Amino acid sequence: MATVNDTLSDLEDLRQNIRGKINVLGFADDFLLLVKKGDDPDSFDILRKYLDPNAPGSNPLLIAVDELDTLEASYQRYRSSQDELAEQLSDSSITYVDRLRDIVGVFPDDPRYSDDPAANPGSDLYQQHVATETARLRILRNTTEIDNLQQQVQIELAKATAISNVMIHYGNQRANITEAIGHINASQEAVKSLAEIKNPWTGLVNGVVQAAGEETKGQLEAEKERIAALEQATIVGIEAEATVKTLLLNMSILLIDSQEAALTLRQELGRLEGLLREKSDLERKLAQRDSRLARRYFADPVHRLGVQSGMIRANLAFEEARQFLFFMSRALEYKWNKRNWFIPHLGRTHSSSVLFKLRNARELDDFYQAMCLYDVNPGFSYTPTPMTDWFSVREDFFGLQRTNRYGQVLYYTDPVSGERLTAIQAFRREIQKLHSQANKLITLEFSTVREIPGGTFFRGPRFYADGTMWSKGYFMDKIDSVMINLPGSHTLGYTRLTGQIIYGGSSFLRNFAPGQLDPERPDRLRNEMTAYDTRHWFYNLNTDTWDSSEAQSVPILMQLSPDPRVPNEVLKNRSFKERGVAATRWTLLIPTWEGNQLLDIDELDDIEILFDHHAMERP
């Protein structure tokens, strides 16, 4: 007769076999191969093909259905009722202790076992703690950057004859610029108060944060409407109106990013609270298991360990399939810019909110079929139009135009030395400020949540002075490729330079229906855009788990050219394909020295970014 130790050994072999069969790592290998093929640019299309239960081979959804069939067949041979079997699995000390170890990071008898999320790195609680800290630091960082931008605005306003004469014109209405600055500061301080709360995992403080988070949702939508209107506004009463408008846009974008981070903080705290509740419930059940098991037919440990293997296998397969369907559901939302999709299928209205209410693998299969049906008929026909736009850091970010509309050379006053500089000279001064002598690296942060005058880049609706719309613009504007050109009289002998480009912050997609001007608030464009987090998910081969980062960072090969706006098909980087063109925090890292000098800033005329993208005309 088999001993308890023999059965435990057999069970561990079984669990390792299950992991080898249905672990994410096994899926990730096939999934990454599908991504590399590049046949379907949308992540939803890749996941739809991968999870197809009728496709040859195996995938998470197919394995989950097969394991459920196997479990049901085994159950028919089992002498107890289904309720007893389910309760037996839930009462298993192996299941409870293992899950508690995952949540806390150590077993319950370890002295490091506690409710403190920061106590054990690598645990589920610790990962949630890091996620909340990341969101909090993002808000505090934005506060500092808004203060710096406000100081730059004050420098420009100091040059005006009278600050009270500096006005923002929204069509036929106007507002004082100091009111706009005050609104941004007040809103940022409200969000900052959330980030300064200590120990936010405590129940009382968490309730305060979540309540404030609900209020932040409304503020976020209002700020998106405000920035959409500011894009088309004009500033009068000051010479450097382009610079001031750019600084105000950047301040507003940072405010939106902070409000998005506040919502992220609320979500992460909710997940943290859920983990703590699950931990408490498992501890309670673990303390009660012995008295119940002693009175049951399954009290024999050999029999108990052997009979639960089928349920463990089916549960692992179910959770794995549901994880991939969650990814697929979020990808569907992003593909069609529809946060709450729903469609009737087999007597049930399926939507993104019902996934975690599903009970078995067959219901997961129904959910998959419902998403495929919605993808075929989302409510409109999507025919993208390819577009190409150049984004000039000197002109579109710093607002440094070389000439005015009459071809006359424009000069800019250095705020420190008082020198009169040409646009290129002023641009080089700005780049020198961003250059680290210690690291020999230029670090440029910029936003693309803006339109390029006369171009098709993130182009929104247009209005007559009376508020009547004469053009609806485009929607669903997404990237195909990105290329960097560094024009200038380069004499160091290099024609190419490898740097790093990072896509982060918050991204925006214009909605299917154009926004409308608010007649009572001329600085707002209502219901124009939807914000998305730029979190980047990837499979970590070092830890054999799915992981994520706040932003997507990739190397990029840049072109050193004597001429501006020279495209190069070979250097086009497609790493950000299908991401929105409008993002609040791009970061470009340009090395100037690696053993030898690579780039002379005094020979650099501009930093140009070529966007190949596609969008659809609003009907």
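What you see is a predicted model, and the numbers here were worked out from it, not measured in a lab.
A salt bridge links D257 with R585: the closest approach of a Lys/Arg side-chain nitrogen to an acidic carboxylate oxygen falls below 4.0 angstrom.
Using the six-membered ring where Trp is involved, W586 and Y503 have ring planes that are perpendicular, over 60° apart on the 30 and 60° scheme. The aromatic rings of Y126 and H129 lie tilted to each other, with the angle between the two planes from 30° to 60°.
Under the 6.0 Å cut-off for aromatic ring centres, Y532 and F508 do not qualify, their centroids lying 6.0 Å or more apart.
With sequence neighbours excluded, the residues that form a side chain to side chain contact (heavy atoms under 4.5 Å, CB included) with Y113 are L100, V104, V106, P108, K279, E283. For R579, the salt bridge (Lys or Arg N to Asp or Glu O under 4.0 Å) test picks out no residue, with sequence neighbours left out. For D375, the salt bridge (Lys or Arg N to Asp or Glu O under 4.0 Å) partners are R48, K335, not counting sequence neighbours. Judged as a side chain to side chain donor-acceptor pair (under 3.5 Å), and not counting sequence neighbours, the contacts of R535 are S548, E550. The ring pair (Phe, Tyr, Trp, His ring centres under 6.0 Å) check on F398 picks up nothing, with sequence neighbours excluded. S575 pairs by the side chain to side chain contact (heavy atoms under 4.5 Å, CB included) definition with Q552, V554, N573, not counting sequence neighbours. Applying the side chain to side chain donor-acceptor pair (under 3.5 Å) test to Q127 and every residue at least two apart in sequence or in another chain returns nothing. For N511, the side chain to side chain donor-acceptor pair (under 3.5 Å) test picks out N337, T530, with sequence neighbours left out. For D147, the salt bridge (Lys or Arg N to Asp or Glu O under 4.0 Å) test picks out no residue, with sequence neighbours left out. For R277, the side chain to side chain contact (heavy atoms under 4.5 Å, CB included) test picks out E273, with sequence neighbours left out. K357 pairs by the salt bridge (Lys or Arg N to Asp or Glu O under 4.0 Å) definition with nothing, not counting sequence neighbours. Applying the side chain to side chain donor-acceptor pair (under 3.5 Å) criterion to T143, with sequence neighbours excluded, gives Q188.
Here the straight-line distance linking atom CG of N148 with atom CG of N250 works out to 12.0 Å at 0.5 Å rounding. To the nearest 0.5 Å, atom CD1 of residue I442 and atom CG of residue L589 are 10.0 Å apart. Separation of atoms CG (L325) and CG (L364) is listed at 5.5 Å; rounding is to 0.5 Å. I609 contributes atom CD1, which lies 5.5 Å from atom CD1 of I501 (distance to the nearest 0.5 angstrom). Atom CE of M371 sits about 8.5 Å away from atom CG of L47, to the nearest 0.5 Å. Atom CZ of F367 is separated from atom CE of M328 by 9.0 Å, given to the nearest 0.5 angstrom.
Side-chain atoms of Y50 and F324, non-hydrogen and from C-beta on, do get closer than 4.5 Å to each other. Two residues are said to be in side-chain contact when any heavy atoms from C-beta on lie closer than 4.5 Å; R330 and E333 meet this criterion. Taking the side chain as every heavy atom from C-beta outward, L149 and Q152 approach each other to under 4.5 Å. Side-chain contact check for I63 versus P60: every heavy-atom pair is 4.5 Å or farther apart. In this structure the side chain of F44 never reaches within 4.5 angstrom of the side chain of W336, judged on heavy atoms.
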Quiz prompt | Intermediate values then yes/no, side-chain hydrogen bond (donor to acceptor under 3.5 Å, both in side chains), D366 and H350 | solution = CA-CA 9 Å; D366 292 342; H350 290 267; 5.5 Å; no
Quiz prompt | Audit row: F326, F356, side-chain contact (heavy atoms from CB on, under 4.5 Å) steps and yes/no | solution = CA-CA 9 Å; F326 172 75; F356 290 94; 3.9 Å; yes
Exercise. For side-chain contact (heavy atoms from CB on, under 4.5 Å), just list the numbers for L125 and L272, CA-CA rounded to whole Å, side-chain angles, deciding distance to a tenth of an Å, and then say yes or no.
Key: CA-CA 7 Å; L125 288 175; L272 180 59; 3.6 Å; yes
Quiz prompt | Derivation of the side-chain contact (heavy atoms from CB on, under 4.5 Å) call for T498 and M558 | solution = CA-CA 6 Å; T498 300; M558 298 172 282; over 6 Å; no
Quiz item: After noting the C-alpha distance and the side-chain angles of R271 and Q128, does the key distance pass the side-chain contact (heavy atoms from CB on, under 4.5 Å) rule?
Solution: CA-CA 7 Å; R271 296 189 184 100; Q128 286 304 124; 3.2 Å; yes
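No donor-acceptor pair under 3.5 Å is formed between the side chain of N439 and the backbone N or O of L441. Using modelled atom types, one side-chain atom of T134 and one backbone atom of V130 make a donor-acceptor pair closer than 3.5 Å. Formation of a donor-acceptor pair under 3.5 Å by the S507 side chain with backbone atoms of T534 is not found in this model. Looking at R450, its side chain does come within 3.5 Å of a backbone N or O of D396 through a donor-acceptor pair. Looking only at distances, no side-chain donor or acceptor of E67 sits under 3.5 Å from a matching main-chain atom of A314. Between the side chain of N360 and the backbone N or O of E363, at least one donor-acceptor pair lies under 3.5 Å.
Looking at every heavy atom in both residues, S506 comes nearest to E260 through OG-CG, 3.3 Å. Across all their heavy atoms, A321 and A64 have their closest contact at CB-CB, 3.9 Å. The minimum heavy-atom distance between D477 and A615, with the atom names listed, is CA-CB, 3.7 Å. Taking all atoms of both residues into account, the shortest heavy-atom contact from A551 to H536 is O-CB, 3.9 Å. Residue F397 comes nearest to T246 through the heavy atom pair O-CG2, 2.8 Å, listed as atom of the first residue, atom of the second, then distance. Heavy-atom minimum distance, A370 versus I343: O-CG2, 3.5 Å.
Stacking of K478 on the aromatic ring of Y334 is recorded, both the 6.0 Å distance cut-off and the 45° axial limit being met. A cation-pi contact links R510 to F458, judged by a cut-off of 6.0 Å to the six-membered ring centre and 45° from its axis.
For the residue pair H613/D480, the side-chain donor-acceptor check at 3.5 Å is not satisfied.
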